[in-house]
Amino acid sequence: MMRKLMTLEEFTIQELRAFPKATGQLSGLVRDIGLAAKRINVEVNKAGLMDAILGATGYINVQGEEVQKLDVFADNQLVSVLRNGLFCAGIASEENDDILVFDDEVSNNAKYVVLMDPLDGSSNIDVNMPVGTIFSVYRRVTPLGTPCTKEDFLQPGTRIVAAGYIIYGPSTIMVYATRRGVNAFTLDPSIGEFCLCYSNMKCPERGDIYSLNYGNYGGYNDQIKKYIDFCERKKQNGKCYTQRYVGSLVADIHRNLIKGGIFLYPGTAEKPKGKLRLLYECNPMAFIIEMAGGHATNGKQSILSIIPDTLHERSPLFIGSSGMMQELHQYIKGTAILYNMSNAY
């Protein structure tokens, strides 16, 4: 039997109808991000056909990483759509040194700012592995009618209004979270629309997958090494834990969200703050997983409770199924506190 498909636009309008006093700005913002994702998806799917969009640009970004051509394309698409829309006052991007303020009359009256990683895992493009886009939305703290400032972006994750990611894989899926829950939408190429595929997603309490870069094992502290050794021995439902690591945060988190699992990116002796960016990667993923019933910390406190000092601040990340996170914290010996989102408001 044919089932009725609900598009992303229909879903956001339905959500809007549940709140008669809502302005519709957040719904419009999410639809704009969906439009940019469609454009990025087209180019990602051409990666084997058009050498012009493969490879590096020759530039090094503020993160000290080589910028890929698709990084630039994805960043430009998101900036263009959000700048030309009605609902965004400005953006902060992993690819740019500073915030980008949309200083015009319409944008200055927009309630929200967007932080984003335009193309997570872009080094995987040349070998046809999954990549993705990560975003989070915050309500401005500066007065409406004025240009947004850095203060609007340097907010803790507890103040996220919505967050999501798009994974460009065998199918293109947008996972979108608000405090009402987590939902996923698959891009239907026949109609060019994101359609609801998972509603009210919940991260399983346990899984049998642990994800980390095992090549950094020698640089981890003793507590983390002991936990990894535990994972190599642990059995879940008669099966040993399995290590899976794609090297694209979106892909690793998406798998664990659906199947259950834990993702670890600890600091090392050489890089105690790890590699991942707090504002562009850790916070949005932590928000999504916590809204789905999981947990996320930096090993000492909730990711979402960290007050950022800089736009490109890095943080260790431990995130995943609640039961597996409890196991991890037994090895960290109480130095971390699992944070209850309901206590933040």
Derivation of the salt bridge (Lys or Arg N to Asp or Glu O under 4.0 Å) call for Glu193 and Lys38: CA-CA 8 Å; Glu193 295 286 352; Lys38 294 176 192 177; 3.5 Å; yes

Derivation and outcome, salt bridge (Lys or Arg N to Asp or Glu O under 4.0 Å), residues Glu43 and Lys69: CA-CA 11 Å; Glu43 296 305 308; Lys69 294 175 184 177; over 6 Å; no

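Among pairs with a residue in residues 218-228, none fulfils side-chain hydrogen bond (donor to acceptor under 3.5 Å, both in side chains), at least two apart in sequence or across chains. Within the structure, side-chain hydrogen bond (donor to acceptor under 3.5 Å, both in side chains) pairs that include any residue of residues 161-177 comprise Asn41-Thr172, Thr133-Tyr168, Tyr165-His254 (at least two apart or interchain).
The environment of Tyr198 atom OH is sparse: at most 12 non-hydrogen atoms of other residues, nucleotides or ligands sit within 6.0 angstrom. Within a 6.0 Å radius of CD1 in Ile307, other residues, nucleotides and ligands contribute 12 heavy atoms or fewer.
No donor-acceptor distance shorter than 3.5 angstrom exists from the side chain of Arg277 to the backbone of Leu311, with no hydrogens or angles considered. Remark: the backbone N or O of Leu249 is paired with a side-chain donor or acceptor of Asp120 at under 3.5 angstrom. Put simply, the side chain of Ser107 never gets that close to the backbone of Asp103: no donor and acceptor are under 3.5 Å apart. The main-chain N or O of Gly323 is never found under 3.5 Å from a side-chain atom of Gln326 such that the two would form a donor-acceptor pair. Side chain of Thr242 to backbone of Ile209: no donor-acceptor contact under 3.5 angstrom is found.
Under the 30°/60° scheme for interplanar angles, the aromatic rings of Phe230 and Tyr241 are found to stand perpendicular.
If you check the side chains of Ser80 and Arg39, you find no donor sitting under 3.5 Å from an acceptor. Side-chain atoms of Ser315 and Asn298 include no donor-acceptor pair closer than 3.5 Å. A donor atom on one side chain and an acceptor atom on the other are not found under 3.5 Å apart for Asn283 and Ser136. Inspection of the Arg180 and Thr178 side chains reveals no N or O donor paired with an N or O acceptor under 3.5 Å.
Rounded to the nearest 0.5 Å, atoms CD1 (Ile224) and CG (Asn216) are 12.5 Å apart. A distance of 7.0 Å separates CD of Glu151 from OG1 of Thr142, quoted to the nearest 0.5 Å.
Remark: aromatic rings of Phe318 and His295 are distant, center separation not under 6.0 Å.
Minimum interatomic distance between Glu290 and Ala296 (heavy atoms only, all atoms of both residues): OE2-N, 3.3 Å.
Comment: Lys150 engages Asp98 in a salt bridge, judged by a side-chain N to carboxylate O separation of less than 4.0 angstrom.
A continuous path of hydrophobic side-chain contacts links Leu86 to Val30 [ILVMFWY only; heavy atoms under 4.5 Å].
Grouping Ile, Leu, Val, Met, Phe, Trp and Tyr by side-chain contacts under 4.5 Å, direct or through others, puts Leu35 with Val81.
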